[in-house]
2 protein chains.
Amino acid sequence: MLIASRTGVRIGRAASEAVTDVSGIAEVARLAGVSKSTASRALGGTGYVSEETRQRVHQAAASIGYVPSTSAVSLATGRTQNIGVVMPYVNRWFFAEVLEGIQQVLLAQGLDLTLYDAKPGTEGRNRIFEDFLARKRFDGLIAVGLEPDHQELDRLVAIGRPIVSVVGSSNVTTVVEIDDDHVARRATEHLIALGHRDIAFIGGGLSTHWAQVDRRRLDGYLNAMKTAGLSDHVRHIYSDVTLPGGYASAVDALGEARGRPTAIVATCDEVAIGAIIAARRLGVQVPSDLSVIGIDDHEFADMFALTTLRQTPREQGRVAVQLLLEHLDDPTQPPKTVRMTSQLVVRNSTAALDPRASAVAIDGRRRGGL
Amino acid sequence: MLIASRTGVRIGRAASEAVTDVSGIAEVARLAGVSKSTASRALGGTGYVSEETRQRVHQAAASIGYVPSTSAVSLATGRTQNIGVVMPYVNRWFFAEVLEGIQQVLLAQGLDLTLYDAKPGTEGRNRIFEDFLARKRFDGLIAVGLEPDHQELDRLVAIGRPIVSVVGSSNVTTVVEIDDDHVARRATEHLIALGHRDIAFIGGGLSTHWAQVDRRRLDGYLNAMKTAGLSDHVRHIYSDVTLPGGYASAVDALGEARGRPTAIVATCDEVAIGAIIAARRLGVQVPSDLSVIGIDDHEFADMFALTTLRQTPREQGRVAVQLLLEHLDDPTQPPKTVRMTSQLVVRNSTAALDPRASAVAIDGRRRGGL
DNA sequence: TTGAAAGCGCTACCAC
DNA sequence: GTGGTAGCGCTTTCAA
């Protein structure tokens, strides 16, 4: 096709451009026998147009397959009909799910989605904050798990467009999130209720990005342990917040039977699943030797029979768009925080503590303590 | 805003727009003591401007933090400085990797990325092809594993913008891909060289989307088997092309020792890893009882010691952008096909066939044959 | 209810 | 080298 155009492009080009040229709103107006303004009104649904003209204009538009030029519309109205989405990763379950939720409602609304992949510590991230966002090629912004630093936050505010954060813990923008502290606490309490005492927390620490979320979940774990009088049993296994990260850290931490926790609270399902795979590899039976609980309800959770606290990032994405659109309609609305609920899904990775295992664990602890 | 504007916004509007107005190129020009045209030339880098004026203009621009209006620029130049990316999934390793590769070079080039998530069989996909793409909010398009049907392909061509496909098998657009047939053949040959005869292929079939890629890989497997005189040993285990899909199908297929293949070629690493997890679950030792080879070199491959044929989707994404930009520079270029190489990565999921296992397998086959 | 005309902010052509 | 000026394609007053 392109090859063909090689020989006689001049003509092809000219012709094709002529076709495009001619199919503007002016042509629609001409065909319908009205003025540009009337055509615009008829098409846009704004202002008074007689039903008859409206139909005539619409037919004319349809007949030439009229599609308004987005840049012309944007220039004239100040609206881009486009939403920007900034996130640090797109290759992790949570982020991909949120993105799909966002995309889904944006498509239904006829709005475009411009993606900014702001991976922490990259040159690309700098450029996004320095150059890309300033272009304001969007009517509003959704920031997913961004955790911007001070400077970045300033930039964000400076663009002067409505922003909704998903997992943002921001007091300046509207936020959609779950109560991380509370969720981690419930996860820990589930284990405590099963009789576990030597419960470790795995996650956060190696990676810098999830710091805030991880910190809150760690706090939830610590609070639950403290409340149960188990502060002495607290243990934090540092791990990258990825499946292989959880695997690697768990392989290290679960190697010897002595001192091994009887249960693990993972900062998210990916880490939990990594830990389960590690346990299997080490011959540690889940859940009889080791209980594991996660947070997410990841798409792999079912396959690993993982007990977890379900969150629905896709829904969070949908809600984020909704809030953003509301704000676009009425910019006077103050920022709000929407807390999504989360539900315990019990599968088969957690079980009541085996008395013998307990004895070993307690023994291990004693030895460690002495 | 809209509500407000009805009552008395006139003022608010005017004021706020005035502020925006003032930081346009006209203001830059005024500050630099030159005309708008000169300012434009100085900023755009096009046309003759004395070094001195250029500096003065740039300073003026910097002093007020001038950022050109993208819609105005687009309208005037016909260029959007934006690239559209259409893909059916964003939550699968391959697609996420390609997307990151694309984003990476786009960011470096100062180009925006508009994402269209065209999940097969959804209303959203229809809207993308019917409405969104027709808006041409982009200078070019990258289609990743899209496998459009006839009608969709027509739409694609109709938008009249350059297109590059990643995994597209298209004769109308430029394509970046690996040689799926060849890669699957090499995977199969690796197993044959290790002495395996009962080699099954797992993948494709349940899902419709990957049909073409899967078909090509299946063909590669079939060809290798045929060449080795093993056509009688051919077996296709149908599986969804996901990790849980591979797991579920493998659990079904590997249940009984009799008739169990001694080796598996998976259509991709996700399926391969699913199969490995299933094998472990069933007490089938990998690689002593079962060899598994994949295609991808997925981020989990190392953790499962998976032997695989590496492909680098991120690089494919980068190359796709490069090709697109070249085409944008010189639209007369005919479409081409770029084949990325792929390399065998031997880890520990494949091993030479154990004579005893072979006997059992052959026995099983015999029984099946009678 | 409709049409004329004035921009939206920028580029690019054409004189100077 | 530089400065007018005419659009890019659409929306939106303002009059009619």
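The model shown is predicted, which means the values in this text are computed figures rather than measured ones. Only heavy atoms go into these numbers, but all of them, side chains included; no hydrogens, no water, no symmetry mates. A, B, ... follow the sequence lines: proteins, then strands. Residue 1 opens every chain.
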Please enumerate all protein N or O atoms sitting under 3.5 Å from an N or O of nucleotides 5-7 of chain C, with distances to 0.1 Å.
none

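Taking the side chain of A:Val73 as heavy atoms from C-beta on, and the options C:dG3, C:dC10, D:dT11, the nearest nucleotide is D:dT11. Side chain of A:Leu75, nearest nucleotide from C:dT11, C:dC8, C:dG3: C:dC8.
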### Task
Check the pair B:Val85, B:Tyr116 against side-chain contact (heavy atoms from CB on, under 4.5 Å), reporting the backbone distance first and the verdict last.
CA-CA 6 Å; B:Val85 176; B:Tyr116 300 100; over 6 Å; no
### Message
Run A:Arg125 and A:Glu152 through side-chain contact (heavy atoms from CB on, under 4.5 Å) and show every step you take.
### Response
CA-CA 10 Å; A:Arg125 179 162 177 136; A:Glu152 292 172 340; 2.9 Å; yes
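Counting only Watson-Crick or G-U wobble pairs whose defining distances are both under 3.5 Å, the stems of 3 or more consecutive pairs in DNA chain C are C:1-16 with D:1-16.
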Please list, one pair per line, the donor and acceptor atoms closer than 3.5 Å that link side chains of residues 97-105 of chain B to other protein atoms, with sequence neighbours excluded.
from     : atom 1 : to       : atom 2 : distance (Å)
B:Glu97  : OE1    : B:Arg314 : NE     : 3.0
B:Glu97  : OE1    : B:Arg314 : NH2    : 3.1
B:Glu97  : OE2    : B:Arg314 : NH2    : 3.1
B:Glu100 : OE1    : B:Arg314 : NH1    : 3.1
B:Glu100 : OE1    : B:Arg314 : NH2    : 3.0
B:Glu100 : OE2    : A:Lys119 : NZ     : 2.9
B:Gln103 : NE2    : A:Leu115 : O      : 3.1

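A:Ser71 is linked by a side chain to side chain donor-acceptor pair (under 3.5 Å) to A:Ser69, counting only residues two or more places apart in sequence or in another chain. Annotation: side chain to side chain donor-acceptor pair (under 3.5 Å) contacts of A:Thr38 (sequence neighbours excluded): A:Ser35.
Residues of residues 48-59 of chain A having a heavy atom closer than 4.0 Å to DNA chain C, listed by number: A:Tyr48, A:Val49, A:Ser50, A:Thr53.
Note on A:Thr38: every side-chain N or O is 4.0 Å or more away from OP1 and OP2 of C:dT2.
One finds no salt bridge joining B:Arg161 and B:Asp139 here, because no Lys/Arg side-chain nitrogen approaches an Asp/Glu carboxylate oxygen to under 4.0 Å.
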